[in-house]
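Letters go in sequence order (proteins before strands), and every chain restarts at 1. Below, each value reflects all heavy atoms present in this structure, side chains not excepted, and no hydrogens, waters or symmetry copies. Model, not experiment: these values are computed from the prediction.
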Amino acid sequence: MAIVAAAERPAVASRLAAALRDAAGTALLALGLAVPILALRIDVNINNQPILRPRWDYVAIAVGLAFAARLAHLLVRPTLTARTARPQPAAPTAVRARLGQALSLVGIALLILYPLIVLELVGQAGAVKWIDNFGVQILIYVMLGWGLNIVVGLAGLLDLGYAAFYAVGAYSTALLSENLGFGFWLCLPLAGIFAALWGIMLGFPVLRLRGDYLAIVTLAFGEIIRLVLINWVPVTNGYAGISGIPRPSFFGLPFNASDEGFAAFFGFEFSPLHRTIFLFYVILALALLTNWVTLRLRRLPIGRAWEALREDEVACRSLGINTTSTKLTAFAIGAGFGGFAGSFFAARQGFISPESFTFMESAVVVAIVVLGGMGSQLGVAVAAVAMIGGTELLRELDWLKDVFGPDFDPTQYRMLLFGLAMVLVMLWKPRGLIGTRSPSIHLRERRAVKAGLVKEGHG
Amino acid sequence: MSAADPLLAVEHLTMRFGGLIAIDDLSFTAARGEITALIGPNGAGKTTVFNCATGFYKPSSGRLVLSHGGRPATDEIDVLTESGRRWGITPAGPVFLLERMPDHEVAARAKVARTFQNIRLFSGMTVLENLIVAQHNPLMLASGWTVLGLIGARRYATAERAAVERARYWLDQIGLGDRADDAAGELPYGAQRRLEIARAMCTEPQLLCLDEPAAGLNPRETARLTELLLSIRRAHSLSILLIEHDMSVVMEISDHVVVLDYGQKIADGSPDAVRNDPRVVAAYLGVEDREVDKVEAEIAE
Ligand SMILES: Nc1ncnc2c1ncn2[C@@H]1O[C@H](COP(=O)(O)OP(=O)(O)O)[C@@H](O)[C@H]1O
Ligand SMILES: [Mg+2]
């Protein structure tokens, strides 16, 4: 009996440690969710000035609750199952699939309602920040992350110059509208096509490269594109950039105060918010399209070939897969989505300059893909929300002045905190937030492939 | 020599790596429907022959003629060689000059499939996915190079179902029917070896090249493997080129044995003839076996 008890003690301790770790993860997730939802409240004071009311107590309570609930769940559940002592059959695949479908539908519904919820919660004055800085900005990076995920996550080709395609999309839109007078909706597909062509052009010379070499050449490619944009002044206007890019219209109705405008047509009172909300829906649609296409491609021979390429290129060739065209399609399709995002970016800003397409941009997108878990659509989306939303939130670190005194300049610590958070996540989940791989097809039961078995590709 | 109807004719194959001559003027044939074993000590150049035959290496010189259908006339092959093309249609059937073809074309067109000395499965993909990826080319065609598949055409769904059926058939053949949804990297070693063979078979090859399939298997798994190979050959009118160190396997299943030593052919014939060939015994079988016996005897003492 004593022996048994002694043997059990370390088991209990390790279970407790595992549960604590898991609960800490849940708490972190809760923090990520609570900060954008609960942390700040904007009210309007008597002089009709918006005032920011921090509610960190709310956040703390939410995180604490999540931690406690998860811990309790983890510690109680095994005891319960042990008591019944009956191995629970895994939920049937069909049921789980339907549950997943239902969840993603709820997610999409929430995203569609997001602008309205924001309007309801913070009113017109604060809404621009939440819809534009958070909503639109995050969705652009979600889309970029999903686009790059095809190249890096699925095909396993490390591309450090993705901002180049983002730039190609943006400049195509700017130049086409400036010189030929094309509207946004015509520029958008063309920008995607141009970026895809550039993707193929980059693809050809790097086909034979692997690993570090591929990474370096793609990085150089990104810099070349940026330097061309800076130096080809007659066309790109150099550092000064291009302004006056036409904004997207709503089926031909511009978002302005004129009589032909969107507001007048629908009998609304004009508000600049209409355009912001419309832009939100445009980028939401683009991002969802990217996701839909990627999920679909994963179940097609081309998508499976990408993943097989990531796993073992030599084996692919021994099975008759043309790895050249497989890699080129990955580059082209990934670049195409980057081009769409760039086109949207140009139309949203109305102004672009080479400064928006630096290496930092590529690095952030790669970080999103790696942090999310290479290949996982959900992971990439969560990482984009955490990274971009986090950066935006970190702009508002004034509360740190309360802690460190009024001389403290919090903006300088933004990148430090950001880097620290990234290091912590990579320590806790070295394969990214969602490192497991969901199989593209199954016979009886869809079971995620363990993170350790999935290869990262050779470049 | 059992060269009545050669599927693959290797003619004066030479492969140099810098100064090293890995294969030196090697000629042999693998007959249609037979199991041809390629044996020889480590470093003899066996894997290099495979790499040349499957397009992974470009031979320094020599010709590798693979003929589907039947045996083409010699002058027809010469005309094809002169023409500079990589393959052609003869009255007997399509003929491929493997030394001119890139690896993926050898697999896709000439229908030569192979396994590797060090297993190369897609370990992060499931067993089923491994077998579906092997059917990439027909599925790609059915998906209209992705376009039809993207819009959800019925044609692709049908093709995919057929691919799953074929995968299921091969899973049953290798006794992994209940592990279809497990990651390939999770399988035990012996099962991975068999899965690699099944994956190669999913490309519907005419010639299957196996590089040491029994390496690292225990006797029971080895017995299972030989059984599998014999049944595959019977049921699929397949020819097999086999590199193997386990002599019991070679002697049991091969119809014809080619022995290599330092890149040169030292014997070529039936298993019995080769086994008793004094040069083979000296270079390979006898010496090694006797030494192994001696060492074992010493250990036992
Ligand atoms: N890619 C290569 N580069 C240089 N030398 C090679 C290469 N591949 C094989 N060799 C050499 O060719 C010889 C034959 O090797 P291999 O065909 O692998 O032998 P086996 O499979 O019979 O054991 C060896 O000496 C090996 O070192
Ligand atoms: Mg070898």
Side-chain angles (χ1 to χ4, degrees), chain A residues 90 93 154 156 289 292-326 329-330 332-333 374-375 431 435-457, chain B residues 54-56 102-109 111-116 119-130 132-143 145-146 149-152 156 159-160 163-164 167-168 171 177-178 180-186 196 199-200 202-203 209:
Chain A
T93 314
L154 294 184
L289 177 77
W292 181 83
V293 170
T294 309
L295 288 179
R296 197 106 201 192
L297 286 176
R298 268 200 77 209
R299 287 171 175 72
L300 287 172
I302 185 68
R304 296 202 181 105
W306 288 337
E307 292 202 76
L309 192 67
R310 178 193 66 205
E311 297 287 319
D312 194 320
E313 181 173 350
V314 169
C316 277
R317 287 192 264 138
S318 82
L319 298 172
I321 296 175
N322 184 341
T323 49
T324 304
S325 58
T326 306
T329 43
I333 295 177
M374 305 211 304
R431 305 291 301 228
T436 56
R437 174 181 172 275
S438 156
S440 64
I441 189 170
H442 61 95
L443 214 49
R444 271 176 287 278
E445 188 193 355
R446 186 184 298 281
R447 248 172 292 147
V449 176
K450 287 199 205 83
L453 292 169
V454 183
K455 299 242 170 62
E456 285 142 359
Chain B
T54 49
F56 279 86
D103 41 27
H104 64 90
E105 227 170 42
V106 170
R109 285 184 194 274
K111 295 280 168 203
V112 178
R114 70 172 291 179
T115 64
F116 296 87
I119 302 178
R120 284 182 174 273
L121 287 172
F122 306 124
S123 57
M125 301 174 87
T126 65
V127 170
L128 178 65
E129 282 179 310
N130 269 269
I132 301 285
V133 169
Q135 303 174 56
H136 177 80
N137 286 318
L139 284 175
M140 200 68 179
L141 198 68
S143 78
W145 282 274
T146 306
L150 207 54
I151 58 174
Y156 174 68
E160 192 182 66
V164 171
R168 204 203 284 259
L171 284 178
D178 54 345
D181 299 323
D182 289 344
E186 277 177 335
E196 209 189 9
R199 188 181 66 179
C202 279
T203 64
C209 301

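Residue contact with chain A, scored on non-hydrogen atoms closer than 4.5 Å, involves the side chain of V164(B) exclusively. For a residue to count as touching a neighbouring chain, one of its non-hydrogen atoms must lie under 4.5 Å from one of that chain's; by this rule R199(B) touches chain A with backbone and side chain alike. For D103(B), the parts sitting under 4.5 Å from any heavy atom of chain A are the backbone and the side chain alike. Both the backbone and the side chain of T146(B) come within contact range of chain A, judged by heavy atoms closer than 4.5 Å.
When each of E186(B), E105(B), E196(B) is scored by its heavy-atom pairs under 4.5 Å with chain A, the top score falls to E186(B). Your options are R114(B), R168(B), R120(B), and the one with the most heavy-atom pairs under 4.5 Å with chain A is R120(B). Considering only heavy-atom pairs separated by less than 4.5 Å from chain A, the leading option among S123(B), A108(B), G185(B) is S123(B). With respect to chain A, the highest number of heavy-atom pairs below 4.5 Å among M140(B), M125(B), R109(B) belongs to M125(B).
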Fill in: salt bridge (Lys or Arg N to Asp or Glu O under 4.0 Å) assessment of E160(B) paired with R304(A)
CA-CA 12 Å; E160(B) 192 182 66; R304(A) 296 202 181 105; 3.0 Å; yes

Practice prompt. Would you sort out whether E129(B) and E311(A) count as a side chain to side chain contact (heavy atoms under 4.5 Å, CB included), showing the intermediate values?
Written response: CA-CA 12 Å; E129(B) 282 179 310; E311(A) 297 287 319; over 6 Å; no

Fill in: side chain to side chain contact (heavy atoms under 4.5 Å, CB included) evaluation trace for H136(B) with L319(A)
CA-CA 8 Å; H136(B) 177 80; L319(A) 298 172; over 6 Å; no

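At least one donor-acceptor pair under 3.5 Å links the side chain of D181(B) to the backbone N or O of L443(A).
Using a 4.5 Å cut-off on side-chain heavy atoms (C-beta onward), L121(B) and D312(A) make no contact.
Test K450(A), R444(A), R447(A), R446(A) against D182(B) for salt bridge (Lys or Arg N to Asp or Glu O under 4.0 Å) and you get one pass: R447(A).
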